[in-house]
Peer 1: 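This is the structure I have questions about; it appears just below.
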Amino acid sequence: MDLGHSDAPPGRAGRGPQWTRLYRGGRPEADADGPAQACQALEGDTDLMAWTALASPGRAQLDELAEALDLPDLAREDAVVAHQRPKVEVHGDVLLLVLRPARYDEVREEVEVGEVHVFVRDRVVATVHHPGPEGTVDLDRIRERVERQEGLLEHGPLAVLHAVLDGVVDGYAPVVSALQADIDEVESQVFGGDPGASRRTYRLARQVIMLQRAVDPLDGVLRALMAPLEGAGAPGRPLRAQVADAELLYSFLRDVADHATTVRERVDGFRQLLQNIMAVNSALIDQAQNEAMKKVSSWGGILVVPTLIASVYGMNMDPRPGFEWLFSWPAALALMVLSSLALYTVFRRRGWL
């Protein structure tokens with residue numbers, strides 16, 4: 001299902017940016033030319049860990065990654081075919097985590113959603129980023145932050161998995177704040193009678209739904225990741241085999257889950273608020289139309305009475321007696337004016353005019 005947009009679809013020709021780094025004892029040791037060279041280095045040194053990252057990868061890069069990590073066919077297919085929903089799966093000894101990072105274009109008022117695949121196996125982690133039009137998550141910045149935290153990478157590939165997950169969830173915060181500001185503006189537009197409020201409200205509702213599709217599945221993803229640390233459930237072996245400090249990793253994931261819950265609750269609130277705004281806007285439009293119809297009906301009633309008098313008098317009275325009486329026309333005109341004033345007074349008191 002297409003939940004976002006991508007200017008660089010997977011499987012394209014060419015090669016996207018790529019880097020591979022080796023770590024020893026939680027500290028960067030060297031850069032490798034690619035995942036194949038990194039895996040070769042790991043075979044001869046059990047103290048090393050490798051992190052390889054691809055952005056907007058071509059099909060050849062994905063094939064190289066799959067071959068180097070010996071990824072199962074299903075995992076390979078997930079990496080090639082983007083637009084997956086957020087999920088966590090186990091393919092043999094490989095743990096696959098799919099995330100949907102997002103950013104908000106305040107000029108166009110659009111939520112741009114990308115996609116990140118994280119593959120974790122023994123002493124190796126690979127991140128594949130299919131960004132949105134302007135990029136949705138900066139993995140280079142996440143890497144720099146992780147490397148600055150003393151001792152974090154000593155926990156192995158799962159420290160990277162947590163860092164990417166935490167970076168994606170934290171990236172939802174500015175999106176939520178920007179949407180909140182636009183929703184506050186459109187609420188003011190509705191009560192200000194702006195005719196463009198309906199269109200903007202509907203557009204913002206569509207963007208909230210897109211963000212909701214990226215955020216809502218995270219609850220199940222995080223529960224699945226934390227289940228093995230609690231002693232039950234999938235993902236099972238690939239996760240438990242790499243946990244040096246289960247309690248620490250659980251606390252990390254619990255913190256991310258709290259942030260994800262906060263974001264999800266706010267997004268759900270946005271959707272309900274926009275539905276209320278659309279209902280209020282519709283009610284205000286109906287009220288304005290009713291007021292207009294009252295005025296039109298009132299003036300129609302005021303004008304129809306003198307028209308009726310003139311029609312009856314002019315078509316049914318014998319011209320001669322009418323013209324011979326001096327006050328015939330003044331009397332008819334006076335009756336028209338008085339009846340119109342009486343109707344105007346009645347409608348005015350009822351608030352129709």
Side-chain angles (χ1 to χ4, degrees), residues 1-9 56 82-86 98-116 129-138 167-219 221 258-297 351-352:
M1 180 168 54
D2 187 355
L3 303 184
H5 310 281
S6 177
D7 289 343
S56 302
H83 308 308
Q84 305 284 329
R85 69 189 299 273
V98 179
L99 301 172
R100 303 285 295 184
R103 67 177 297 273
Y104 189 65
D105 188 328
E106 298 187 22
V107 176
R108 294 182 297 160
E109 294 186 348
E110 291 184 0
V111 174
E112 298 170 352
V113 181
E115 189 166 328
V116 175
H129 184 205
H130 301 290
E134 301 295 332
T136 46
V137 64
D138 191 345
V168 170
V169 173
D170 287 347
Y172 293 137
V175 179
V176 170
S177 297
L179 278 171
Q180 178 70 70
D182 285 341
I183 291 173
D184 291 342
E185 289 180 7
V186 80
E187 191 174 18
S188 300
Q189 283 182 272
V190 167
F191 289 103
D194 189 335
S198 297
R199 183 185 298 271
R200 189 181 182 191
T201 302
Y202 178 78
R203 187 171 62 248
L204 286 174
R206 293 296 302 168
Q207 303 311 309
V208 169
I209 290 173
M210 182 169 291
L211 181 60
Q212 199 170 32
R213 288 172 177 171
V215 172
D216 281 356
L218 288 178
D219 184 48
V221 169
D258 290 341
H259 293 171
T261 300
T262 300
V263 171
R264 188 179 67 255
E265 290 176 350
R266 292 192 64 183
V267 174
D268 290 342
F270 289 164
R271 190 170 183 179
Q272 183 62 46
L273 179 58
L274 286 168
Q275 289 176 349
N276 293 339
I277 289 175
M278 285 191 284
V280 170
N281 187 50
S282 178
L284 291 175
I285 292 174
D286 290 342
Q287 182 180 359
Q289 290 176 343
N290 290 337
E291 293 297 325
M293 288 300 300
K294 286 180 181 180
K295 292 183 179 180
V296 171
S297 300
W352 286 32

Peer 1: Considering residues at least two apart in sequence or located in another chain, which fulfil the side-chain contact (heavy atoms from CB on, under 4.5 Å) criterion with F191?
Peer 2: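 Partners of F191 by the side-chain contact (heavy atoms from CB on, under 4.5 Å) criterion, ordered by chain and then number, come out as E187, V280, L284.
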Peer 1: Would the distance check show the side chain of S282 and the main-chain N or O of M278 forming a donor-acceptor pair, the cut-off being under 3.5 Å?
Peer 2: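 Not confirmed, S282 side chain does not pair with M278 backbone.
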Peer 1: Does any part of the side chain of T201, heavy atoms only, come nearer than 4.5 Å to the side chain of N281, both counted from C-beta?
Peer 2: no
Peer 1: Show your reasoning for whether side chain to side chain contact (heavy atoms under 4.5 Å, CB included) applies to R264 and T261.
Peer 2: CA-CA 5 Å; R264 188 179 67 255; T261 300; 3.7 Å; yes
Peer 1: What are the two closest non-hydrogen atoms of V111 and A102, and how far apart are they?
Peer 2: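 So the minimum-distance heavy-atom pair works out to CG1-CB, 4.2 Å.
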Peer 1: Considering non-hydrogen atoms only, spot the tightest contact between V98 and R85 and give its length.
Peer 2: CG1-O, 3.7 Å
Peer 1: Less than 4.5 Å apart, side chain to side chain, heavy atoms only: is that true for L211 and Q207?
Peer 2: no
Peer 1: Testing the basics here: between V190 and A197, what is the closest heavy-atom pair and its distance to 0.1 Å?
Peer 2: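 The pair with the smallest heavy-atom distance is CG2-CB, 3.8 Å.
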Peer 1: Could you pull out the closest heavy-atom pair between A214 and V113, with the gap in Å?
Peer 2: CB-CG1, 4.5 Å
Peer 1: Measure the CG-NE2 distance between D170 and H259 for me, rounded to the nearest 0.5 Å.
Peer 2: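 That separation rounds to 6.5 Å.
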Peer 1: Calculate, to the nearest 0.5 Å, the distance between atoms CG and CD1 belonging to D216 and I209 respectively.
Peer 2: 11.0 Å
Peer 1: Will you find, in the side chains of N276 and Q272, an N or O donor that is under 3.5 Å from an N or O acceptor?
Peer 2: yes
Peer 1: Atom CZ of R199 and atom CD of Q189: how far apart are they, to the nearest 0.5 Å?
Peer 2: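 Rounded to the nearest 0.5 Å, the CZ-CD separation comes to 12.5 Å.
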Peer 1: How many angstroms lie between CD1 in I183 and CZ in R200, if you round to the nearest 0.5 Å?
Peer 2: 10.0 Å
Peer 1: Is any side-chain heavy atom of R213 closer than 4.5 Å to one of R100?
Peer 2: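 A side-chain contact under 4.5 Å is absent here.
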Peer 1: Out of curiosity, D182 CG to E185 CD, how far, rounded to the nearest 0.5 Å?
Peer 2: 5.5 Å
Peer 1: Could you grab the distance from atom CD of E106 to atom CG of L179, nearest 0.5 Å is fine?
Peer 2: 9.5 Å
Peer 1: Return the minimal non-hydrogen interatomic distance between P101 and V116, and the atom names on each side.
Peer 2: CG-CG2, 3.8 Å
Peer 1: Under 3.5 Å, is there a donor-acceptor pair between the side chain of E112 and the main chain of D105?
Peer 2: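 Side chain of E112 to backbone of D105: no pair is present.
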Peer 1: Pair L204, V186 - check side chain to side chain contact (heavy atoms under 4.5 Å, CB included), show working.
Peer 2: CA-CA 9 Å; L204 286 174; V186 80; 4.2 Å; yes
